[in-house]
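All figures in this text were calculated on a predicted structure; none of them were measured in a lab. All ligand and atom numbering here is 1-based and tracks the order in the structure.
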Amino acid sequence: MSSELTQADGESAPDTAAEIETEQAGIDLSNLRKSYGDVLAVEGLDLEIEPGEFLVLLGPSGCGKSTTLRMIAGLETPTGGSIEIGDEEVTRTLPQKRGLSMVFQSYALYPHKTVAGNLEFPLGKMDLSDEEKTAKVERTAEMLEIADLLDKKPGQLSGGQRQRVAVGRTIIREPKAFLMDEPLSNLDAQLRVRTRFEIRELQQELGTTTVYVTHDQEEAMSVADRIAVMNDGELQQVGTPEEIYKTPENAFVAGFIGNPPMNFFDVSVGMGVELLPNGDTATLDTSLPMDTESLGVRPEDVHLLSTPAEDVANVSRPDPRNMTNAIECEVTVIEPLGNAYELELARGDDTFIARLRALPEDVSMGSTVEVAFDRTELHAFGASGEAIR
Ligand code: ADP
Ligand code: MG
């Protein structure tokens with residue numbers, strides 16, 4: 001599939017592109033279920049993963065991500081439903097017959113084999129000459145920039161280098177799809193960010209369908225073509241990172257995506273919209289659907305009405321016509337982030353978060369400030385958390 005493309009032979013690229021297209025396999029999950037005794041790990045999951053797509057399964061710990069991935073891999077037998085890979089039904093097919101490659105959270109390399117030996121291992125049973133195997137090992141190592149480590153043993157490598165070898169072992173077989181279960185969770189924060197870009201880059205270069213599991217919404221947002229958000233064994237929403245962020249379909253998705261998370265307010269909709277923190281109501285002057293029970297406001301859509309200092313350049317000031325009525329709050333925490341400030345604001349016992357590009361000079365801990373919300377960015381949710389538009 002990817003072999004010609006990675007030979008850096010520009011002239012052969014147009015021919016191979018078509019060939020690669022035909023090798024990409026979509027993955028179709030229909031009403032997929034898994035229970036362990038009383039525990040429903042995955043409930044009626046319907047998901048169509050496009051050929052060549054980088055799909056991230058995202059959700060909190062225990063929501064059924066690994067179980068889903070393991071069913072795709074063939075390591076768990078579904079309780080119900082079906083799985084197709086490239087239009088072939090594989091629900092009961094043995095893992096090794098599915099043509100997939102999986103990277104786990106804990107990547108076990110063979111400690112006594114060299115990097116080259118580890119990379120070559122998955123090719124063992126394939127019908128290839130020694131020369132072909134060596135060529136594949138070298139090409140994979142070059143792609144991952146570990147060519148100079150081929151003679152080293154895993155014990156001599158850093159965590160990041162070991163992770164590359166593990167990824168190399170996954171791609172060397174040129175599978176129909178990559179399955180990755182929290183592949184970066186053993187790396188430190190900095191390396192995690194770098195490695196996720198590399199995985200994304202590599203995936204784009206190879207064009208291989210990828211299902212990637214993580215509980216980290218920021219990681220999901222940065223690598224995914226589409227994100228499938230799960231909670232409690234159920235699919236909540238599937239969409240591009242932008243769609244999931246801008247138009248969450250329910251309060252769970254709205255609250256799970258975004259850092260700091262969306263603020264939620266209990267409201268009562270009548271003539272205007274009333275915020276209801278502990279009896280101290282305020283009328284927002286905005287029109288929300290009558291059945292709205294809670295209002296979601298992202299921290300970046302909370303605006304301070306105090307005048308910013310003259311010398312604060314580059315502050316994006318929202319259009320005043322889009323602002324709700326002002327509400328009075330007390331600043332209880334100021335967290336400088338270098339390029340922004342996070343403020344915790346309190347109304348009575350209720351607190352919420354504002355994210356500001358700059359801090360007005362007259363605002364400090366304990367200040368009383370007026371804030372308003374950007375009306376065009378409000379999210380309305382009904383009694384069962386469903387988004388109302
Ligand atoms: P995630 O990967 O999203 O953290 P999992 O798919 O591992 O979640 O688990 C989903 C649910 O299924 C959890 O409640 C978990 O405890 C349960 N579960 C997973 N594997 C097993 C198992 N082998 N036996 C019993 N329960 C399991
Ligand atoms: Mg898991």
Residue selection (non-hydrogen contact nearest atom 9 (O) of ligand 1) among L57, N231, T67: T67
Lys/Arg N to Asp/Glu carboxylate O, R196 vs E218, below 4.0 Å: yes
Heteroatom test (N, O or S) for S61 near the Mg ion (ligand 2), limit 2.8 Å: no
Residues R226 and E53 bridged, charged N to O under 4.0 Å: yes
Polar contact flag for C63 and ligand 1 (N/O pairs, less than 3.5 Å): yes
Min heavy-atom dist S61 to ligand 1 below 4.0 Å: yes
Heavy atom of the protein closest to atom 19 (C) of ligand 1 (residue, atom name, distance): Y36 CE1, 3.4 Å
Short N-O contact, R200 and D225, less than 4.0 angstrom: yes
Whether F54 and Y212 hold their rings parallel, tilted or perpendicular, with breakpoints at 30° and 60°: tilted
Side chain proximity check, M143 to E205, heavy atoms < 4.5 angstrom: yes
Cationic N near anionic O, under 4.0 Å, E174 to K136: yes
Minimum-distance protein heavy atom relative to atom 1 (P) of ligand 1: G62 N, 3.4 Å
Any non-hydrogen protein atom less than 4.0 Å away from atom 3 (O) of ligand 1: yes
Taking atom 7 (O) of ligand 1 as the reference point, the nearest protein heavy atom with its distance: S66 CB, 3.8 Å
Atom 15 (C) of ligand 1 protein-contacted (non-hydrogen atom, under 4.0 angstrom): no
Atom 12 (O) of ligand 1 [closest protein heavy-atom partner, distance rounded to 0.1 Å]: A41 CB, 3.3 Å
Test item: side-chain donor near acceptor, N250 and Q236, under 3.5 Å: yes
Test of proximity, E76 against ligand 1: N or O pairs below 3.5 Å: no
Whether F264 and F381 hold their rings parallel, tilted or perpendicular, with breakpoints at 30° and 60°: tilted
